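See structure below.
Quick note on labels: first sequence line is chain A, next is B, and so on, each numbered from 1. The model shown is predicted, which means the values in this text are computed figures rather than measured ones.
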There are 2 protein chains.
Amino acid sequence: MISSIAELIADRIGSMPAGERRAAQTLIANYPMIGLKTVAEFSAAAGVSSPTILRFVARLGFQNYPEFQSSLQDELAAQLQSPATRTLNPPSPGGGTVSPMLEATLDNMRETFRHLSDKQLADIAARLADRRGKTFLIGGRFTDPLARYMAAHLAIIQPDVFHLAGQESMWRDRLIDMGKRDVLVIFDIRRYQDSLLRFAEKAHQRGVQIVLFTDQWLSPIARFARHVIAGRTAVPSAWDSSAALFVVAETLIGAVTRQLEAEGAKRIREMESLR
Amino acid sequence: MISSIAELIADRIGSMPAGERRAAQTLIANYPMIGLKTVAEFSAAAGVSSPTILRFVARLGFQNYPEFQSSLQDELAAQLQSPATRTLNPPSPGGGTVSPMLEATLDNMRETFRHLSDKQLADIAARLADRRGKTFLIGGRFTDPLARYMAAHLAIIQPDVFHLAGQESMWRDRLIDMGKRDVLVIFDIRRYQDSLLRFAEKAHQRGVQIVLFTDQWLSPIARFARHVIAGRTAVPSAWDSSAALFVVAETLIGAVTRQLEAEGAKRIREMESLR
DNA sequence: GGAGCGCTGTATCGTATGTTACGTATTTTG
DNA sequence: CAAAATACGTAACATACGATACAGCGCTCC
């Protein structure tokens, strides 16, 4: 079973003429970066002519050079996606059905935060902490609980936090309360919901700043969003995982809380005394 | 100090016009592969025109698109050389408000699962998959969203799944529907809610099997619970983290789904066709 | 409410890139 | 050793890619 181009080369390098063999060797030596460059660069690095490079990739079974490059890119992308699979089969003792799921989830989180800069989070937190406007939160079929979770916390440390629940017509009526200074936090992962898209578009038209929590394939709402948080959702299960987004949400809650510490603390004390 | 293009983007994304920001977001979401493809593909993925992509890379300080791609390739090559330096986000200098939170959360999950045997999870999953009885879910102030999340998933793969919402008197009235064969999933972390305790006790008296999600200090409801899942909740924040419990919930959802695969798949197909 | 600026997409252009044809060199085989 | 086949590079070609000019539009700021 041959899965990577490197293996394919190792398999056929024996039956190659001298020039193509040099091409193969240089590719293996700097795998796979040389293959992503132009034919001219590749040929120069290998010390052969361009046609030799093309004959080489043709011998590997590719129709043309771009196809060969795409294949290399896909391979690279797959590698980058799952850091766990980088080290061939992690030890994973126990071998139960739990470990893979947990490992994948932990990877998702690391990966999600790797693509998320402190600055970006700080920006969003600052926007959420800005008390001049209102904050609305809404989610999709499975992600609405995340919106609720976030709303429950934010509502404690600042006023004017609203979770949009119920039917679509209900939200729409709330649009009238939304303006430039307000923020709309939307959770939307596959399969993206049309109702949310429609709502986001209308809110965007009213100048509402949208913060979008979505998966790595980006909900179409990204088009209207001021800030986009792309979380990894793939796990070995029938369902997608929202755990990474959940952790991002918690992180944001923490950041906002810290920013509003002074006012927030006072507010919390007041609330406690109201019980 | 900016070393990677991702940082560069994070740094300037705030001062970008809408179109270019969309380009930036799609690049970050699928970093860095999209950037290695052609301008046409990149622009299509981002939903903008080619010139916008070019203006985007120009704003990042590159003379032209190939130069931008070379830079990405160099970065990738360096990454592949030393997997240790894979960190896209530098060790979070100064503030470091994010990393500690994430690290603590990851630790919490590992700890939580360390104290959780596969068998225990399997038992709970089996109980939840047992379709002879009904399943009720409820949570506390901050954890109710977790109950909703779990309910949303379970309700798809099996009938008779109910999330208990609204006021306390509402739940109490549902007690009459509960019996020995039924399961009640409760989420309760500090500060434990009296209302939930009262409810759990009454349900217990009726012979309902209780599955409790709580923190490591154990809600008093543990006294009535058949199964107790104790998750770590401590993070460097003003709030406790429910992330570990969230992941356990997802894991359980996955396990139950697997057990009900045959019936569940049929059910899901039926549901899809109802749309 | 009007003028100015900045952003974005369409259409066009030049060029770098991959591709192919062909002639020469090198090896193989009878 | 001769003749044929294969391999390799040079040079011309076509395509597709990135770059640019320009016009329409929305937005902000007087």
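Axis deviation across the helix from C:dG1-D:dC30 to C:dG30-D:dC1 amounts to 30°, comparing end segments of five pairs, rounded to 10 degrees.
With sequence neighbours excluded, the residues satisfying salt bridge (Lys or Arg N to Asp or Glu O under 4.0 Å) with A:Arg127 are A:Asp130. Contacts of A:Leu218 classified as side-chain contact (heavy atoms from CB on, under 4.5 Å), with partners at least two apart in sequence or in another chain: A:Thr214, A:Ala222, A:Val228, A:Ala230, B:Thr26, B:Ala29. Contacts of B:Phe62 classified as ring-ring contact (aromatic ring centres under 6.0 Å, His included), with partners at least two apart in sequence or in another chain: B:Phe68. Every residue was checked against the salt bridge (Lys or Arg N to Asp or Glu O under 4.0 Å) condition with A:Asp11, not counting sequence neighbours, and none meets it. Residues satisfying the ring-ring contact (aromatic ring centres under 6.0 Å, His included) test with A:Phe187, not counting sequence neighbours, are A:Phe213. A:Tyr149 meets the ring-ring contact (aromatic ring centres under 6.0 Å, His included) test with A:His153, A:Phe246; sequence neighbours excluded.
Under the 3.5 Å distance criterion, with hydrogens and angles disregarded, no donor-acceptor pair is assigned to the side chains of A:His204 and A:Arg223. Side-chain contact annotation: A:Ser219 with A:Asp188, donor-acceptor N/O pair under 3.5 Å present.
Sorted by residue number, the list of members of residues 66-73 of chain B with any non-hydrogen atom under 4.0 Å from DNA chain C is empty.
Boundaries of the chain B contact region on DNA chain D are D:dC17 to D:dT20, first to last in 5' to 3' order (nucleotide atom under 4.0 Å from a heavy atom).
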Between protein and nucleotides 6-17 of chain C, map the contacts as a letter string: B base, S sugar-phosphate only, - none, heavy atoms under 4.0 Å, written 5' to 3'.
-> -SBBB------S

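Within the structure, salt bridge (charged side-chain N to carboxylate O under 4.0 Å, His left out) pairs that include any residue of residues 59-70 of chain B comprise B:Glu20-B:Arg59 (at least two apart or interchain).
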Report all side-chain donor-acceptor pairs from residues 49-57 of chain A shorter than 3.5 Å, counting only partners two or more places apart or in another chain.
| unit_1 | atom_1 | unit_2 | atom_2 | d |
| --- | --- | --- | --- | --- |
| A:Ser49 | OG | A:Thr52 | OG1 | 3.3 |

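In this structure, A:Arg174 forms a cation-pi arrangement with A:Phe162, its terminal cationic atom sitting closer than 6.0 Å to the ring centre and no more than 45° off the ring axis.
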